[in-house]
*Asks:* 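Below is the structure I would like to discuss, written out as structure tokens.
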2 protein chains.
Amino acid sequence: MVNETQHTCSASSSSKSDGGSSSGSESSKDSSRCSTPVLDADRHERLREKMRRRQDSGDKWFSLEFFPPRTANAAVNLISRFDRMGAGGPLFIDVTWHPAGDPGSDKETSSMIIANTAVNYCGLETILHMTCCNQTKDDITGHLQKAKRLGLKNIMALRGDPAGEEWEEEADGFNYAVDLVKHIRNEFDDYFDICVAGYPKGHPEAESYEADLRHLKEKVFAGADFIITQLFFQSETFLKFMKDCQAIGITCPIIPGIFPIQGYHSLRQLVKLSKLEVPQEIKDVIEPIKDNDAAIRNYGVELAVSMCRELLDSGMVHGLHFYTLNREVATTEVLKRLGVWKEDPRRPLPWAVSAHPKRRVEDVRPIFWASRPKSYIYRTQEWDDFPNGRWGNSSSPAFGELKDYYLFYLKSKSPREELLKMWGEELTGEESVFEVFTCYITGEPNKNGHKVTCMPWNDDPLATETNLLKEQLEKVNRRGILTINSQPNINGKPSTDPIVGWGPSGGYVFQKAYLEFFTSSEIVTALLKVLKKYELRVNYHIVNVKGQNITNAPDLQPNAVTWGIFPGREIIQPTVVDPVSFLSWKDEAFALWIEQWAKLYEEESPSRMIIQYIHDNYYLVNLVDNDFPLENCLWQVVDDTFELLN
Amino acid sequence: MVNETQHTCSASSSSKSDGGSSSGSESSKDSSRCSTPVLDADRHERLREKMRRRQDSGDKWFSLEFFPPRTANAAVNLISRFDRMGAGGPLFIDVTWHPAGDPGSDKETSSMIIANTAVNYCGLETILHMTCCNQTKDDITGHLQKAKRLGLKNIMALRGDPAGEEWEEEADGFNYAVDLVKHIRNEFDDYFDICVAGYPKGHPEAESYEADLRHLKEKVFAGADFIITQLFFQSETFLKFMKDCQAIGITCPIIPGIFPIQGYHSLRQLVKLSKLEVPQEIKDVIEPIKDNDAAIRNYGVELAVSMCRELLDSGMVHGLHFYTLNREVATTEVLKRLGVWKEDPRRPLPWAVSAHPKRRVEDVRPIFWASRPKSYIYRTQEWDDFPNGRWGNSSSPAFGELKDYYLFYLKSKSPREELLKMWGEELTGEESVFEVFTCYITGEPNKNGHKVTCMPWNDDPLATETNLLKEQLEKVNRRGILTINSQPNINGKPSTDPIVGWGPSGGYVFQKAYLEFFTSSEIVTALLKVLKKYELRVNYHIVNVKGQNITNAPDLQPNAVTWGIFPGREIIQPTVVDPVSFLSWKDEAFALWIEQWAKLYEEESPSRMIIQYIHDNYYLVNLVDNDFPLENCLWQVVDDTFELLN
């Protein structure tokens, strides 16, 4: 009978009738020991395990390769691209190593920092490339230690291009990728997952195709976990290579590198670098249209789609690796046409998850940073535990300071001129600020005809969920309740709900209504009188820039405002209103008035003084309606406040 | 404006506009640091703080004094009394120290173990008395260390009665209670709250009333936190004493000791021991009715009530300490008539909370021990953290073994003869066992006319909540689904609901339907077929005594089955179905068949063999319906199973 079932695990056989010893231990797993529920089993797995699981389940996957940009602005754009392309569900991304660009440094554009951002701030499983030739052992060890410290778990071990024309092997030096693989395994045991490069046509410098296969086998036997190949132009090239690999005993995953042709010049350059030959039939198509970028890209997409289909149909290929050239359109198009792009990526939690191993059990955050997840991750990067690091104690500030405020990934994506168009070239009073907030909510253009698509506290347009509150938000912003964060109450909607759902299917999600806004002290005075009537129902925190703090929260305990109930899981409460962290958030929220908005204007200008006045005199308020099964009372609270003022 | 509000806390003044430093730390508290939500602020407070808070809020309280019993059976009864009288909401109980009874030993009847049980297993704030005369410093330190280790936090420091008639002070010895107070403060700093005795008429051995007051002042100045007085017969006695204490500078709380007269002989004995004189007007009433126990008790209750009223009405008394003489009726009656007995003690959590300081953040338990909370506390006593100790890992058993199975507080309260009447003098087959389970559910007498008020897995009658399921439970037990634990699904009832509510008011409580039962392998085979239809909805664990374990639970993660949402709090999920601990529970649950039931019968007797057969062959099953907002499907699952069998 036992054998009939799907999941059978046999515990120790204890038939002692005196109560015996606890026999549960043998069938337990380490994972059951962790103190937080885990929605996303992936977060605990190594890349090679994820790959294996996808292969076992027959679930096709893709990955994306990027190179580090040259300028800080380009880096900001690339990171937005990580966020957008990350939404399609790549199994991992990888970041190339540019020896000339100080790749292990702390520069905004270094390979190391770009990979760090991808892992920690974009939540992407990331492979960092690393080359070894012309480098000392100490340098390489230093890079690897730094990568580990930053939370990187995967390395693509490469030889790299020798610096000079005449390259000679150094005795005891790192002459080949295999030396790097061995070094990583010697120094870091099994910590990193290691990827190596395969050459479907053989490495251009290898004595022969066969010799190159033997080198590849050496790399794998030295400890590499999987192989990504150089680009190729025909599926047969890869499939033959794969069979040859298997024939000489290479059993690890081999992932084909796909290069969607995106333009004439990029193709020529790549071919030159890789010393590959473009098949005549491709040349025949491209040459006549070489000045028509769109036509070449369309052809490239077609070609890539049909080659990928052949690869997937062969049954030998489970994942596809894309050389994106840091571009978005062609690769996304290919992936969508192949049906492997996730169109509806379910949120595992209602906020972006970091892929840093130490954050893998993180399952709760203060709601204040809902629109600034990267800032939250940055400010909590020194925490040792999640969620038990939590929000500070009386002796030490738990939140990292904002001293690196200009850190590039916290910058607004829009340039100054665009911000001025949205937020006003010239402000004439507090009302013109109300107007900006109102336009952001409604989506209507401002009086100069520009839509307000971002705010200092929200770099993105209004969330779909917030749209549910649009009408009320518009009304209150117009009157000086300047909202920066809100959510409706939800009483048990399915976790698959397209607007408010999150987490695995079969669950139910809940929310308490939340409203956070800046407002004048006059309104706060009236609001506090009104709130007396709601004492048991509404929790509030009201604080000004000086830290004067008014609250009715009991014992400074956090108030859960989003939670989910799932089959076979513990309760997850991803967002809370935490009184302690609110005071850290307050500093950031008030600073944004000055840093992002006031500083757009000349010093001493009336516009700047208006923002400065608001910064100095307004209060930041948050309200929670605890009675989530009833109709949201926060709008009534605001209405009552305005009525009292009249 | 800020001053208008109820709660104002001022954070550090940070007006730096560059984002500044995190200024939240100064207004935060240690309590916000703990990783678990706390429903009951009391649990974090020291006794003296609780006393102070009650005094400040004008909330009258009471406490109860018990002495250690002489026999193990009497100890079992006393512990049931702790549970019953604990429900009335005493601020604390205290346990006297009997030097002749080996009070610091591990005997079931020692003062130390009785106090340990009160704290750890009954969840009562407890004061352990301790006397010092005729004892060595090392002995006393040893007792105190042991008390601390067991989680006791309060000591009543007493001199005790000298052993011989002729008592002489020892130089450097412990001659007076003040020596013990000093010793505790020297050796344990501020760890313990210390109580000392006050004598409203002066200590019988003191030179004078005034000299005794000076001794009391010495004890307080040596570090005592509050005073409990010797009994007295008139409120004026106490009020005068209190004023005299205040006059010489004693400012700590002074709690009157109340002795409801319960019988002629106990009064005479107490008077002899305490060397007090009974006022003539009381003697005049009692002497004529000295052989009528009921009349004396009624008079004692009247007298105590009117004296307590006078004390409370004086405005000087906030708490009343009762000398219970280990009896229940008189004291409970007085407390009820005074209106200080809590008639509806809201559960802070859906299970008994231990008062051990290390368990004060405990907020989740496996549901399996719902009816055996003392066993759960006992088996997890070695855990260092709550809730993060959780339920074990693969290498070490997390649950203490059941080797001390006969530990007195795990015993059934009913004697063998009574159990035989309930569970059958002679069993004729599995059906007679079904009949016992059915009678326990229905409350109807069995065929011999005896009600079944307890079962090996439930020492108490059916919970009110379980009554909601009575009809269905009866039906399935009759057919061999032998239920030992169940709860209905609840979709957001108010936390004040009289049947399923718990926690502070203003909240909402939820449950997933749960059913746990023993059943034959034949029924399990059919059940597993039926469960295939419910794969996504119902989680199950099915295990036999040998540990063969069948489950569809993902990754051995716990499944929350009871949770509550409260104003200004994090989510609380007090009970879960945890796959790992289920295997520890399984050992206990199967062992109860043998230990509590089979062993009632002669070895080799047919009755014993029937129970042994069930123990050896039945499965223990638990089912959770994850769709708590829908109608409970578990009854349908069981119906389908029976249908399949027919």
Side-chain angles (χ1 to χ4, degrees), chain A residues 1-2 5 7-13 15 17 19-25 28-33 35 388 392-394 397 399 401-402 405 492 506 525 528 536 539 545-556 558-560 563 567-568 570-571 573 580 583-584 587 591 594 626 629, chain B residues 1-2 5 7-13 15 17 19-25 28-29 31-33 35 388 392-394 397 399 401-402 405 492 506 525 528 536 539 545-556 558-560 563 567-571 573 580 583-584 587 591 594 626 629:
Chain A
M1 185 198 65
V2 169
T5 62
H7 303 72
T8 303
C9 60
S10 180
S12 73
S13 172
S15 57
S17 60
S21 65
S22 164
S23 68
S25 55
S28 70
K29 275 193 205 167
D30 261 345
S31 69
S32 69
R33 174 105 189 122
S35 65
N388 289 340
N393 62 19
S394 53
F399 283 83
E401 293 193 12
L402 286 168
Y405 199 74
T525 306
L528 280 166
L536 290 170
N539 280 118
V545 73
K546 297 183 206 79
Q548 286 176 302
N549 189 21
I550 313 163
T551 177
N552 68 342
D555 315 323
L556 297 183
N559 189 353
W563 63 99
E570 294 188 66
I571 315 292
Q573 50 164 16
V580 177
L583 297 182
S584 290
D587 289 338
I594 304 298
N626 287 300
Chain B
M1 186 199 66
V2 169
T5 62
H7 302 73
T8 303
C9 61
S10 180
S12 72
S13 173
S15 58
S17 61
S21 65
S22 164
S23 68
S25 55
S28 70
K29 275 192 205 165
S31 69
S32 69
R33 175 102 190 123
S35 65
N388 289 340
N393 62 19
S394 55
F399 283 83
E401 294 193 11
L402 286 169
Y405 199 74
T525 307
L528 280 166
L536 290 170
N539 280 117
V545 74
K546 298 184 206 75
Q548 285 176 303
N549 188 21
I550 314 163
T551 177
N552 68 344
D555 315 323
L556 296 184
N559 189 354
W563 62 100
R569 307 278 178 168
E570 294 187 66
I571 316 292
Q573 51 163 15
V580 176
L583 298 181
S584 288
D587 289 339
I594 302 300
N626 288 300

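Reminder, nothing fancy here: chain letters follow the sequence lines and each chain counts from 1.
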*Asks:* Roughly how far apart are B/Q573 CD and A/Q573 CD, rounded to 0.5 Å?
*Replies:*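 Reported value, rounded in 0.5 Å steps: 8.5 Å.
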*Asks:* Can you give me the closest heavy-atom contact between A/A560 and B/I571, atom names plus distance?
*Replies:*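 Nearest heavy atoms, A/A560 then B/I571: CB-CD1, 3.5 Å.
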*Asks:* Is chain B contacted by the side chain of A/N559, its backbone, both, or neither, given a heavy-atom distance below 4.5 Å?
*Replies:*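 For A/N559, backbone and side chain are both near chain B.
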*Asks:* Would a distance-only check, ignoring hydrogens and angles, find a side-chain to backbone donor-acceptor pair under 3.5 Å from B/N626 to A/G568?
*Replies:*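 Checked: pair present.
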